[in-house]
Amino acid sequence: MATPFFSIVTPVYDPAPRDLQATVDSVLAQTFTDWEWIVVDDASPNPEVLAVLRSAAQAEPRIRVRERDSNGHIVRASNDALERATGEWVVLLDHDDLLEATALERVAEAIAGSPGVGYVYTDEDKIGPDGTLTGEFRKPEWSPERLRHQMYLGHLSALRHDLVRRVGGFRAGFDGSQDHDLALRVTELGDPVVHVPEVLYHWRIVPGSTAGDTTAKDYASEAGLRAVRDHLDRVGRAQDRVEMARIAHTYRTIRHLDPRTLVSVVIPTRGAHGLAWGVERCFVLDAVLSLLAHTDHGLLEIVVVYDSDTPDDVLSSLRETCGEALVLVEYARPFNFSEKCNLGYVRASGDVVVFLNDDVEIQSESFLEQLCAPLEEPGVGMTGARLTFSDGTIQHAGHSYYADQFVHTLHGALDEDPGPFGALVVDREVSGLTAACVALRREVIDEGGGFWTFLPPNFNDVDLSYKVRSTGRRLVWLADVHATHFESRTRVSTVHEWEHRAILERWGTPEHDLYLPGV
């Protein structure tokens, strides 16, 4: 197989000459030699910048410098570089950052091992003024939901040149988020995206850069917002809205659920009462009341699978609250959460089915709409909510699978904590979701066979997550779809070794988590 030829493209505007020289040195140090470097100086006011570039081009014929007479900003300068690029692959490099010596070699190996790949990205970190490396970002595997809400691909990015041409290169008006806009448009074409899990790029921290200050360059956040808005229009989600999320350069989507979709909410319960936030409550009744108070969706069915000893007054209150939307299903066997969920599903009529624990209280508006709407998109198999304990700490932000362990991601973090690299702020793919609150389309449940009844209390949601992923569908955790989970108030759960062993025997031992490898 022929090795790729890389066109490294770099727009340059007034970097510190010393830092620019370090960038030059990092390119010249590459162990992979089939490259050209197209450098466009965008009328830098410091003459030392051009001196560095001219000297580099004179010494190395693979370096080609274009000198602009006037400043056109980063998009125009980047497109100038693209026009002069001759390689099959375009590699994006900023004017003061550094490549590891093996960066191009590792990207070339990824391309050789992935026929048809269209985009390759690597892990990165930051380099301070004194050369200290910090902020290592171990990135997830290809995560289109996260890319929609955050430009996580970043550095180092290599894009197949024919795809870049197909989408028209960088777009005017997106300066500051031009890479995010380009990544969205190129990856929409559907060619495989490959992650190289090595830190091969060092992003320099300089005053006013987003490497050192995520609030810098507000114009870039605005451009990113427009890029995501345009992306939603292109992929058929024009009815959805996009807003800034709570940290810079991240975004949130407010989704529209087709009003013709019948949603069935399956709630297993034994009608327990208990204290939460200092108040005696009937958990299942309060769960239903909070659900109805936080949704406007008209086609709704509430399927309550109740133990035979559930108090009659609880059932009467549910009938009064839900009216004709209620379906009551009696369960007269020893406790088996999986079996109760499956029984509820059999009695449900919905196009989309939500499994919801009875010990939750819904907090966010349009809860069901936001939980279920992502399932309208191709490739999304299951969605899950942000769950917090009654003390405001994170109970569930997805499952993470490491070695032979299955844990809740960032369990116990403060609810206001953005998480590492914004992981608690953005919607994103995850390895698993808790069955305390998940939504699936009917055909996905049918295809997977529902919950594994061999596992009565524990790991049944781990198994369900594996089933959905095995179909090639994605699991999406939704950062702004929020409920409080009074976990263990209605039952005490003990994990047994045989349950753990059953999952490992059924699915194998996970070596690392796909979507939060650095946590």
Side-chain angles (χ1 to χ4, degrees), residues 142-145 148 190 232 235-237 239-240 253 255-268 291 295 297-305 325 327 329 336-357 366-385 398-399 427-455 459-478 481 503 506-507 514-515:
W142 171 226
S143 184
E145 191 69 33
R148 177 180 292 178
L232 292 173
V235 299
R237 299 298 303 179
Q239 68 274 43
D240 294 346
T253 303
R255 294 171 167 90
H256 172 82
L257 177 64
D258 189 332
R260 298 168 296 181
T261 300
L262 174 59
V263 177
S264 295
V265 181
V266 174
I267 306 177
L291 180 70
T295 185
H297 190 65
L299 288 179
L300 180 61
E301 177 182 71
I302 308 292
V303 182
V304 176
V305 183
V327 177
V329 182
N336 186 313
F337 179 84
S338 298
E339 193 171 67
K340 291 179 82 171
C341 287
N342 288 345
L343 181 59
Y345 169 67
V346 169
R347 293 291 302 274
S349 306
D351 311 297
V352 170
V353 178
V354 173
F355 295 99
L356 188 70
N357 274 19
S366 301
F367 182 86
L368 282 180
E369 291 92 329
Q370 300 308 304
L371 180 67
C372 299
L375 298 173
E376 296 178 347
E377 296 193 57
V380 178
M382 183 160 66
T383 60
H399 286 161
D427 298 353
R428 54 185 168 78
E429 279 78 10
V430 292
S431 295
L433 291 165
T434 177
C437 181
V438 289
L440 306 89
R441 294 197 69 83
R442 175 168 292 277
E443 61 267 23
V444 176
I445 301 172
D446 289 342
E447 190 173 336
F451 288 86
W452 191 18
T453 56
F454 180 70
L455 296 172
F459 294 133
N460 38 57
D461 47 9
V462 172
D463 179 73
L464 182 65
S465 297
Y466 270 119
K467 284 179 179 177
V468 176
R469 279 174 45 198
S470 71
T471 70
R473 295 181 177 94
R474 296 178 285 121
L475 278 58
V476 175
W477 177 77
L478 301 163
V481 181
I503 286 289
R506 188 170 170 95
W507 296 107
L514 295 174
Y515 297 109

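Computed from a predicted model, the values in this text were never measured in an experiment.
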- request: Using a 4.5 Å cut-off on heavy atoms from C-beta on, say whether the side chain of E301 contacts that of V265.
  value: no
Hits for side-chain contact (heavy atoms from CB on, under 4.5 Å) against T471, two or more places apart or cross-chain, chain-then-number order -> E447, R473
Value for CG (D461) from OG1 (T434), rounded to nearest 0.5 Å, stands at 4.5 Å
Output for pair (I503 CD1, L455 CG), nearest 0.5 Å, gives 5.0 Å
**Request:** Could you tell me if the ring centre of F355 sits under 6.0 Å from that of F451?
**Result:** yes
Note to self: Pair S349, L262 - check side chain to side chain contact (heavy atoms under 4.5 Å, CB included), show working.
What the structure shows: CA-CA 8 Å; S349 306; L262 174 59; 3.9 Å; yes
To the nearest 0.5 Å, atom CD of E429 lies from atom CG of L514 at 10.5 Å
- Query: Is it true that a side-chain atom of S264 and a backbone atom of G350 form a donor plus acceptor pair closer than 3.5 Å?
  - Reply: yes
Measure from the side-chain N and O atoms of T295 to the backbone N and O of F367, and report whether any donor-acceptor pair falls under 3.5 Å.
no
* To do: List the steps, then state whether side chain to side chain contact (heavy atoms under 4.5 Å, CB included) holds for K340 with I267.
  => CA-CA 9 Å; K340 291 179 82 171; I267 306 177; over 6 Å; no
Between R506 and Y466, do the side chains contain an N or O donor and an N or O acceptor separated by less than 3.5 Å?
no
Residue pairs meeting salt bridge (charged side-chain N to carboxylate O under 4.0 Å, His left out), one or both in residues 341-351, sequence neighbours left out, come to none
The reported gap from OH in Y345 to CZ in R442 (rounded to nearest 0.5 angstrom) is 4.0 Å
(message) I'd like to check V304 versus V329 (side-chain heavy atoms, cut-off strictly below 4.5 Å). Are they in contact?
(response) no
So CD of E369 and CG of L257: to nearest 0.5 Å the spacing works out to 6.5 Å
Residues S465 and G432: closest non-hydrogen pair is OG-CA, 3.4 Å
Can you confirm whether L478 sits close enough to Q370 that some side-chain heavy atom of one is under 4.5 Å from a side-chain heavy atom of the other? no
For the side chain of W452 and the backbone of S338, is there at least one donor-acceptor N/O pair under 3.5 Å apart? no
Q) Can R255 and D427 be counted as an ion pair, charged N to O under 4.0 angstrom? A) yes
Start with the C-alpha gap between V263 and V354, add the side-chain angles, then the distance that decides, and say whether side chain to side chain contact (heavy atoms under 4.5 Å, CB included) holds. CA-CA 7 Å; V263 177; V354 173; 4.0 Å; yes
Here the gap from Q239 atom CD to D258 atom CG, rounded to the nearest 0.5 Å, amounts to 8.5 Å
Closest heavy-atom pair, L371 versus A439, reported as atoms and distance to 0.1 Å, is CG-CB, 3.9 Å
Closest non-hydrogen atoms of T253 and R148, given as atom of the first, atom of the second and distance, are OG1-CD, 4.2 Å
Query raised in the report: Heavy-atom distance under 4.5 Å between the side chains of H399 and L433, does that happen here?
Result: no
**Report entry** Heavy-atom check, side chain of R474 versus side chain of S143, under 4.5 Å
**Finding:** no
Item to complete: Taking the side chain as every heavy atom from C-beta outward, state whether R428 and Y515 have any atom pair closer than 4.5 Å.
Response: no
**Prompt:** Is there a side-chain contact between W507 and S470 (heavy atoms, below 4.5 Å)?
**Reply:** yes
Taking every heavy atom of V352 against every heavy atom of C372, the minimum-distance pair comes out as CG1-SG, 3.7 Å
message: side chain to side chain contact (heavy atoms under 4.5 Å, CB included), that's the test. Do L440 and V353 meet it? Break it down for me.
response: CA-CA 6 Å; L440 306 89; V353 178; 5.8 Å; no
* Asked: Would you say the side chain of V327 lies within less than 4.5 Å of the side chain of I302, judging by non-hydrogen atoms?
  -> no
> Counting only N and O atoms by type, is there a donor-acceptor contact under 3.5 Å from the side chain of D240 to the main-chain atoms of H256?
Replying inline: yes
Of all heavy-atom pairs linking G344 and V303, the shortest is O-CG1, 3.7 Å
